[in-house]
Number of protein chains: 2
Amino acid sequence: MASEAAVSVMNASPLNASPLNARQSHLLDQLQAAGHELSGQDLHARLRSTPHCMGLATVYRHLRQLQQRGLVRCRHLPSGEALYAPTERDEHHLTCVDCGRTLPLRACPMHDVHLQPQQLDGFRLLFHTLEFFGICASCQERQDVP
Amino acid sequence: MASEAAVSVMNASPLNASPLNARQSHLLDQLQAAGHELSGQDLHARLRSTPHCMGLATVYRHLRQLQQRGLVRCRHLPSGEALYAPTERDEHHLTCVDCGRTLPLRACPMHDVHLQPQQLDGFRLLFHTLEFFGICASCQERQDVP
DNA sequence: ATCCAGCTGAGAATGATACTCATTCAATTC
DNA sequence: GAATTGAATGAGTATCATTCTCAGCTGGAT
């Protein structure tokens, strides 16, 4: 029997201390509207032709702040590029270490996972990234018959 | 009852088709001996003064190959730096989105997690990365009393 | 001895992200 | 309304890990 309640990895509520500023809201809107992950460069390009246009440095600045509030998560592709998505979209991926193809997983296998408070050492959980790596079917074939 | 056996995320056996070459063995040895993650630069520096010295490009080349065999996993820090560890060491982390401090988790919460084969779409699983992000105790304090 | 294929590494190229700092903006006070 | 002030902005630059290039090397096969 656990001495303390375990902490679901899913109940990481965003920090709502202060409201988002307009710039941050627009970035979050874009990420939500896109339906898939975007890089900092993508976001900058998408906003370029809108009234919410902002410099690249500002895009990165606000993405970092959104991340620190737990509203946005980012993952790195093997290429080094960072992709951002709203944390409310709990999507994770399977990536081929050979060709780099990436496949979204339909369900987050972490939904039922809990962490013990003593593992957290006072951390306030905001979000997690879970990525699987392997070799996709076509790269397996290519390797078998070179 | 599941129609097909679910696949444990832990049974990703390395690809042992061909033996490792000497360079790859030395890199793996270094990673195992270190007891903690190392960057490509770290590995290069550590080998510099040994008879197994090799160029930076070669370090990265072989790290990629070790990754493609499922022997090494890598995770990216928010700073963009990539850290490598042997996959046999099933260690994951809790990282502060504010100060960047990173804390190893004692146990992998994924040990009992399984994926359905239809989620894998033919992928051969090699390893996973699971990282938690949050705000560490001292950064929470600093935010509360600014 | 010669050939060849793959491996190597020094240096340059790349590219994403972070930094700098002069300018702009907004809110507040005279 | 004018002045003040601190924060936010962005164009350009710097940084730095990683990747690429390509000429030279190595070691096995002929």
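Letters A, B, ... mirror the listed sequences (proteins, then strands); counts begin at 1.
- Relative orientation of the A:His128 and B:Phe132 rings is tilted, given thresholds of 30° and 60° on the angle between their planes.
- Cluster membership for A:Tyr60 and A:Leu43, using ILVMFWY side-chain heavy atoms within less than 4.5 angstrom, is shared.
- Contact check for B:Ile135 versus A:Leu126: side-chain heavy atoms found under the 4.5 Å cut-off.
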> How does protein reach along nucleotides 16-23 of chain D, written 5' to 3' as B (base within reach of a heavy atom under 4.0 Å), S (only sugar-phosphate), or - (no contact)?
Replying inline: -SBBB---
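- D:dT9 atom P lies 14 Å from atom NE2 of A:His52, rounded to whole Å.
- The pair B:Asp98-A:Arg124 fails the salt-bridge criterion, with no side-chain N (NZ, NE, NH1 or NH2) lying under 4.0 Å from an Asp/Glu carboxylate O.
- A salt bridge between A:Asp121 and B:Arg106 is absent, with no side-chain N of the basic residue lying under 4.0 Å from a carboxylate O of the acidic one.
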Would you tabulate the nitrogen or oxygen pairs shorter than 3.5 Å linking the protein to nucleotides 24-28 of chain D?
none

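- Taking the side chain as every heavy atom from C-beta outward, B:Arg73 and B:Asp90 approach each other to under 4.5 Å.
- For D:dA8, the OP1/OP2 oxygens have no side-chain nitrogen or oxygen of A:His62 closer than 4.0 Å.
- Annotation: side chain of B:Glu91 is in contact with side chain of B:His93 (closest heavy-atom distance under 4.5 Å).
- To the nearest angstrom, P of C:dG9 lies 8 Å from NE2 of B:His44.
- Listed by residue number, the members of residues 21-34 of chain B with any heavy atom below 4.0 angstrom from DNA chain D form an empty set.
- Going from atom CD of B:Gln65 over to atom CG of B:Asn21 covers 7.5 Å, rounded to the nearest 0.5 Å.
- Annotation: the span from A:His36 atom NE2 to A:Asp42 atom CG amounts to 7.5 Å, rounded to 0.5 Å.
- Taking only side-chain nitrogens and oxygens, B:Thr58 never comes nearer than 4.0 Å to OP1 or OP2 of C:dT8.
- Of all non-hydrogen atoms in B:Gly55 and B:His44, the two that sit nearest each other are C-CD2, 3.9 Å.
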